[in-house]
Amino acid sequence: MATNITWHQGLTHAERTTYLRQPGLTIWLTGLSASGKSTIAIALEQHLLHNSYVSYRLDGDNIRFGLNKDLGFSPSDRVENIRRIGEVSKLFADSGTIAITSFISPYKADRELARKLHEEAGLGFVEVHVDVPIQVAEERDPKGLYKKAREGIIKDFTGVSEGAPYEKPESPEVYIDNSKGSVEDGVKKIVDYLVEKGVLKFPKV
Ligand SMILES: Nc1ncnc2c1ncn2[C@@H]1O[C@H](COP(=O)(O)OP(=O)(O)O)[C@@H](O)[C@H]1O
Ligand SMILES: [Mg+2]
């Protein structure tokens, strides 16, 4: 057995980020259904991984079918959904990973709670509003969800159903008008912000 091993009582966040040569933080995408959050999140995750940054995306597919499979879309379940995502993304950020979340997260108070959880732990939190007019989201509607919501088949659909409003962020760190540019433009806007703030650099080294 090697003798030059130091046992720690517990690694600190600073030690983890030093070893990994990257900060842990959460990039929190918010916006209407079909605004393009998942598409941008996937492209961003790929871009970061290609550049040797450890990154992981939390999205409906790996959260709604697992950790949060007991939750529906009522107002209280939506609050709990986002609360858990806030806590889990915080753990990823604490591990030194760049967590990317892509959930509608329609309520301002819930996003503020996620931000507070991170800030209290000294972890970065970057809110990104992926914005399109609802007409554009409804035209794209790749999963036919707006159609079902208009027909009343889906209840509590954000932006359509009464009682399911989308509360726009007032001062997100990054604002993307995703009705105009390409997916790459959206990714670039986030990456440029992080580089400008000195959070990331390319190449990583
Ligand atoms: N910048 C863009 N320009 C054109 N279409 C886009 C753009 N971004 C996303 N889309 C398309 O919009 C649809 C919804 O995107 P998606 O990422 O699934 O949205 P969300 O995760 O916000 O529900 C998809 O069909 C996607 O290909
Ligand atoms: Mg999505």
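Ligands are counted one by one from 1 in listed order, and the atoms in each one are counted from 1 as well. Just so you know, these numbers use all the heavy atoms, side chains as well, and skip hydrogens, waters and symmetry mates.
- Residue-ligand proximity, Thr39 to ligand 1, at heavy-atom distances under 4.0 Å covers atoms 9 (C), 15 (O), 16 (P), 17 (O), 26 (C).
- Among protein heavy atoms, the minimum distance from atom 19 (O) of ligand 1 is reached at Gly36 N, 3.1 Å.
- A donor and an acceptor atom, one from each side chain of Glu15 and Thr18, are nowhere located under 3.5 Å apart.
- Within 6.0 Å of the NZ atom in Lys204, the count of heavy atoms belonging to other residues, nucleotides or ligands exceeds 12.
- Among all heavy-atom pairs drawn from Pro106 and Tyr166, the shortest one is CA-CD1, 3.6 Å.
- Residue, atom and distance of the protein heavy atom nearest to atom 8 (N) of ligand 1 are Asn178 ND2, 3.1 Å.
- Looking only at protein heavy atoms, the nearest one to atom 4 (C) of ligand 1 is Arg140 NH2, 3.4 Å.
- Scanning all heavy atoms of the two residues, the minimum distance from Ile134 to Gly159 falls at CD1-O, 3.3 Å.
- Ranking the protein heavy atoms by distance from atom 22 (O) of ligand 1 puts Lys37 NZ, 2.7 Å first.
- Polar contact check, Ile40 against ligand 1: no nitrogen or oxygen pair lies under 3.5 Å apart.
- Nearest heavy atoms, Leu117 versus Lys90: O-CD, 3.7 Å.
- Ring geometry for Tyr56 versus Phe92: interplanar angle under 30°, hence parallel rather than tilted (30 to 60°).
- Closest to atom 13 (C) of ligand 1 by heavy atom, among Pro142, Ser182, Gly186, is Pro142.
- Put simply, no part of Ser102 is less than 4.0 Å from ligand 1, judged by heavy atoms.
- Among all heavy-atom pairs drawn from Asp77 and Gly72, the shortest one is OD2-N, 2.7 Å.
- Side chain of Glu45 to backbone of Ile100: no donor-acceptor contact under 3.5 angstrom is found.
- A cation-pi contact, defined as under 6.0 Å to the ring centre and within 45° of the axis, links Arg64 to Phe73.
- In this structure, the side chain of Arg111 engages the main chain of Ser105 through a donor-acceptor pair within 3.5 Å.
- The closest protein non-hydrogen atom to atom 23 (O) of ligand 1 is Ala34 N, 2.7 Å.
- Near Ser33, meaning under 4.0 Å from one of its heavy atoms, ligand 1 places the atoms 23 (O).
- Distances under 2.8 Å from the Mg ion (ligand 2) pick out the protein N/O/S atoms Ser38 OG.
- Within ligand 1, counting atoms from 1 as listed, the ones closer than 4.0 Å to a heavy atom of Leu32 are 22 (O).
- Glu173 approaches Phe125 most closely through the heavy-atom pair OE2-O, 3.7 Å.
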